[in-house]
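Before any comments, here is the structure.
The structure presented is a predicted model; accordingly, all values stated were derived computationally and were not measured. Sequential numbering from 1 along the given sequence is applied to the chain's residues. These numbers come from the heavy atoms of this one structure, side chains and all, not from hydrogens, waters or symmetry mates. Both counts, for ligands and for their atoms, begin at 1 and track the order of listing.
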Amino acid sequence: MTSLPFDDRDGDIWLDGVFVPWREARLHVLSHGLHYGGGVFEGERVYDGRVFELTAHSRRLHSSARELGFRIPFDVAELDGATRELVSRLRIRDGYVRPVAWRGSEQLGVSGAGTSVHVAIAAWEWPHVFSAAARNQGITLATSRWRRPSPDTAPVHAKASSLYNICTLARDAAAADGYDDALLLDFRGHLAEATGANLFLVIDGALHTPLADVFLSGITRQTVIALAAELGIAVHERHIDPAELAHADEVFLTGTAYEVQPVRAVDGKPYEVGAVTQSLAEAYTRLVHTPAAYGAKSPTSAAVDESNTS
Ligand SMILES: Cc1ncc(COP(=O)(O)O)c(C=O)c1O
């Protein structure tokens, strides 16, 4: 993993319909999105040169923007095409894609009316969030004092930049106390999610996951629920009281970047990385490396496959 700053790298970024040199992909300081949080984004994962669930992510970028009251000026097929071309150009095999859309600079009143919408897509090599040891042995979580807000307070189903203030505060507080990540409750006090991933508990061999009524129902969450069905593991989506953590045998997180990430302790209570977590993590890894899971063979995979044979 590189530690280069994100505004000083080689390569191209797709910006408003064209590829521009990485360092030139800039926005003006007087952008509405920067001042008032009018931005939405996606996080996508590249495996073997292909973006897993690309169209689902492009669709979610659109629906997030709709929730914030603006329209992405490129349709889902155009976003998919631009992403595939970018990944192919940069010859990324194991990486991450970050599409982002934001309101522009036509005016700086609080109203978003009259602002243009800009879209950028960047991609880079980035195989894993956590170390191999953390992926195998699990990470530690601390319950945060920050909570997921009510749908009357915030656009909770949008992957909106403004909502990530909560995640950044929670994550940094957890890290300052020596934990890997934070566990957030929702405004009612139910278990919600981590700062970039959904939560699953294993109780008596069945999966229990918080009902995603006030936070993102992640694409990985939905994939893992489908995998559990295939493996004959019962899944219960419901409101879960934090006290139920005491009865869980295993805990894990799911997310595009986290994948299926075991948790080895929450607030100091230890959990084993057990058979259910392991079987779902293995099934997820198998799936993301299965070409058939990506539909038609993409230009991306063709370009990377060629480069791989040299
Ligand atoms: C706050 C939050 N919850 C959940 C998720 C998991 O979503 P997905 O599986 O679609 O990546 C993410 C990551 O995008 C996230 O940032």
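- Between Asp213 and Arg238 there is no salt bridge, since no side-chain nitrogen of the basic residue lies less than 4.0 Å from a carboxylate oxygen of the acidic one.
- Residues Tyr271 and Phe252 keep their aromatic ring centres 6.0 Å or farther apart.
- Residue contacts with ligand 1 leave out Gln222, since none of its heavy atoms falls under 4.0 Å from the ligand.
- For Thr195, the heavy-atom gap to ligand 1 drops under 4.0 angstrom.
- The shortest contact between atom 7 (O) of ligand 1 and any protein heavy atom is with Gly218 CA, 3.3 Å.
- Close approach to Thr256 involves these atoms of ligand 1, each under 4.0 Å from a residue heavy atom: 8 (P), 9 (O), 10 (O), 11 (O).
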Report task. Could you check Thr55 against His57 for side chain to side chain donor-acceptor pair (under 3.5 Å), going step by step and ending with a plain yes or no? Result -> CA-CA 5 Å; Thr55 301; His57 284 284; over 6 Å; no
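- In terms of polar-atom proximity, Ala257 is not counted as a contact of ligand 1, lacking any N or O under 3.5 Å from an N or O of the ligand.
- Checking Thr277 against Glu250 by side-chain atom types alone, a donor-acceptor pair falls below 3.5 Å.
- Nearest to atom 5 (C) of ligand 1 by heavy-atom distance, out of Gly43, Ala192, Gly196, Ala170, is Gly196.
- Between Arg147 and Asp186 there is no salt bridge, since no side-chain nitrogen of the basic residue lies less than 4.0 Å from a carboxylate oxygen of the acidic one.
- Polar contact with ligand 1: present for Tyr164 (N/O pair, distance under 3.5 Å).
- Counting the atoms of ligand 1 from 1 in the order shown, those under 4.0 Å from a heavy atom of Ala197 are 2 (C), 3 (N), 4 (C), 5 (C), 12 (C), 15 (C).
- Protein heavy atom in closest approach to atom 2 (C) of ligand 1: Glu193 OE1, 3.5 Å.
- Judged by the 6.0 Å and 45° rule, Arg9 forms a cation-pi pair with Phe6.
- The closest approach between any non-hydrogen atom of Lys159 and ligand 1 is below 4.0 Å.
- For ligand 1, none of its N or O atoms has an N or O atom of Asn198 under 3.5 Å away.
- In summary, Glu42 and Arg98 do not engage in a salt bridge, as defined by a charged side-chain N under 4.0 Å from a carboxylate O.
- Ring to ring, Phe130 and Tyr258 are close: their centroids are under 6.0 angstrom apart.
- Between Thr220 and ligand 1, a contact under 3.5 Å exists for at least one N or O pair.
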